[in-house]
Structures are given as C-alpha cells and as structure tokens.
Amino acid sequence: LAKTTQPISMDSYEGQEVNITCSHNNIATNDYITWYQQFPSQGPRFIIQGYKTKVTNEVASLFIPADRKSSTLSLPRVSLSDTAVYYCLVGDPIYNQGGKLIFGQGTELSVKP
Amino acid sequence: DTGVSQDPRHKITKRGQNVTFRCDPISEHNRLYWYRQTLGQGPEFLTYFQNEAQLEKSRLLSDRFSAERPKGSFSTLEIQRTEQGDSAMYLCASSSMTGRLGNEQFFGPGTRLTVL
C-alpha cells in the first residue's frame, strides 16, 4: 500500500484559499487518491477522489501531476467551519484488500477569523 | 436521517467489563467496516463485512474483540474484559460496491469508549 506524507498542521484565515499537499511516491498504477475530512467528535467524511489531472466538485479541487507522486487538495475561500483534519489516502478503491481505508495522521487545518 | 448510526455515542466502563456497540449502516450498503481511532491519530481498520460474511480482521482485533453482522444489516462489536488501552473512538462505516465512486465510505458518529 502506498504510504502518504502530509503536513501535520496548517493555519489559514477566513476567505483564503488553502492548499494541502500530500506525497505518495510509491503510488501504484491502479491506485486512486482520496481525501476525507473529519470534524471533532465526528466520523470522517469523503471529500473528493481522483486518478490524474484535476477533479473539481462543489467542495474542493484535487490536482494531480502527471507522475502522480503527489497531489494537492485545494479549498477555495475557507471559512471557520472548514477547521478540521484532512486525510489523504491512496489505494485501489475496489480491490484493495476489500476496500478498507488506510488513514495516516492527517493535516489539522485551523481557520482563524 | 438515512446515514450511518451508532449506539451508544458514549460508554464508560470499568476495566474487566464487557461492552457491546451497535452500528446501523445505510440500508442498501452491503459492506460494513469497523475502525478504531485514538486521540491525535487517524482511524485504524479493525474488520469488515460484505453482507453477513466477515471477510477480514486486522491484527489489532485481539481475541477479546468479536464482531457480527447476523442478517447482513446491523452489526455489533463486542469487547470482552476491557482494558484501559481499549479506550478510543470506535467508528463504523458502510459502502456500496455499486456506488458511483470506488468504495466511498460513509461513517457514523462513532462510539467513544472510556475504560476506567
């Protein structure tokens, strides 16, 4: 399973764009990159998933360079409510050992007013 | 609310006691997962079911832990002879193999266990 490395913590201010980068040098051909968000005292919540180039949804964008050895989660114009831990996961979403998720330590994002 | 539910939300017990947690997944989801999360760490996989079959158990799941999903719907996780090291948040998640995205998992709010 590809190991991921991401910053332990980040600080931002309301209205700013936040980019969280995740390194996954050993990503395999069949692996997808998935990001989850977790608020205190809640379970994680799926944000976005991608394989290559750029994926955008109503919440975030995910940028994946051609070599796929890293990815960047972009949160536009963050608000206080975006304060959470963000996890980058890499794996084959269907066949990877039953689809279990392997979480790292995540990035704790703190948004200040 | 059609999300994943867990009961109880909080459980305080004394060392050596048995505890049981329940998870009700999203009704049409055939996969159900249990994770454990300690403070400052990401969730760790414990076990998962596809329908009523338990297909994988982590090495974290000692003999004191047992999980069931008798009819392929709700699941229970039992911890026997609890130890202080069992104190954690126990998270349940469910997913559908036929979902739009590969195995997007929907998590419940968790059961926080404190062993005194």
Side-chain angles (χ1 to χ4, degrees), chain A residues 1 3-9 20 22 24 28-52 55-60 62 84-110, chain B residues 3-6 9-10 21 23-26 29-51 53-61 67 88-113:
Chain A
L1 297 173
K3 182 179 177 180
T4 60
T5 303
Q6 52 183 124
I8 297 294
S9 64
I20 306 174
C22 178
H24 28 80
T29 303
N30 294 332
D31 287 344
Y32 280 66
I33 300 149
T34 310
W35 287 78
Y36 278 75
Q37 173 193 57
Q38 186 176 25
F39 299 113
S41 298
Q42 293 186 26
R45 182 178 73 111
F46 174 94
I47 301 178
I48 197 166
Q49 183 181 77
Y51 184 80
K52 61 180 179 179
V55 179
T56 298
N57 62 21
E58 63 277 6
V59 176
L62 179 59
V85 178
Y86 292 82
Y87 296 98
C88 167
L89 296 86
V90 173
D92 184 329
I94 300 295
Y95 300 107
N96 183 19
Q97 301 181 12
K100 68 185 180 188
L101 299 177
I102 309 296
F103 290 85
Q105 200 165 1
T107 297
E108 186 171 5
L109 173 65
S110 177
Chain B
V4 178
S5 62
Q6 293 186 245
R9 293 291 308 276
H10 303 274
F21 310 141
C23 170
D24 286 272
I26 293 172
H29 284 180
N30 58 352
R31 281 192 169 177
L32 187 148
Y33 302 80
W34 285 98
Y35 295 85
R36 180 174 69 186
Q37 185 174 27
T38 54
L39 196 62
Q41 303 298 316
E44 297 173 294
F45 169 79
L46 292 178
T47 188
Y48 92 95
F49 293 83
Q50 183 160 311
N51 301 313
Q54 188 175 17
L55 297 186
E56 186 177 351
K57 295 195 294 185
S58 163
R59 277 172 270 182
L60 293 174
L61 215 64
M89 175 77 84
Y90 290 84
L91 293 161
C92 175
S94 70
S95 71
S96 169
M97 284 290 289
T98 59
R100 176 177 61 89
L101 288 169
N103 196 38
E104 176 182 350
Q105 293 188 19
F106 295 81
F107 283 80
T111 295
R112 181 167 296 285
L113 172 67

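A note on names: the letters A, B, ... follow the listed sequences, proteins ahead of strands, and every chain is numbered from 1.
Looking at L55(B), there are no atoms closer than 4.5 Å to chain A (heavy atoms on both sides), in backbone or side chain. Heavy atoms closer than 4.5 Å to chain A are found nowhere in F106(B), neither backbone nor side chain. Residue contact with chain B, scored on non-hydrogen atoms closer than 4.5 Å, involves the side chain of Q38(A) exclusively. Contact of Q37(B) with chain A is made through the side chain alone, with heavy-atom distances under 4.5 Å.
Summarising the geometry, atom NZ belonging to K100(A) is positioned 11.5 Å from atom CD belonging to E44(B); distances are rounded to the nearest 0.5 Å. With values rounded to the nearest 0.5 angstrom, R45(A) atom CZ is found 13.0 Å from F107(B) atom CZ.
Between chain B and the options G104(A), G106(A), G43(A), P44(A), the largest number of non-hydrogen pairs under 4.5 Å is found for P44(A). Taking P43(B), G42(B), G110(B) one by one and counting their heavy-atom pairs under 4.5 Å with chain A, the maximum is reached by P43(B).
Counting all heavy atoms, side chain and backbone alike, F45(B) lies closest to L101(A) at CB-O, 4.3 Å.
When the shell of 6.0 Å around CD of Q54(B) is examined, it contains more than 12 heavy atoms from other residues, nucleotides or ligands.
Within the 4.5 Å cutoff, side-chain heavy atoms of Q41(B) are placed close to those of Q105(A).
For Y36(A) (side chain) and Q105(B) (main-chain N/O), a donor-acceptor pair under 3.5 Å exists by modelled atom type.
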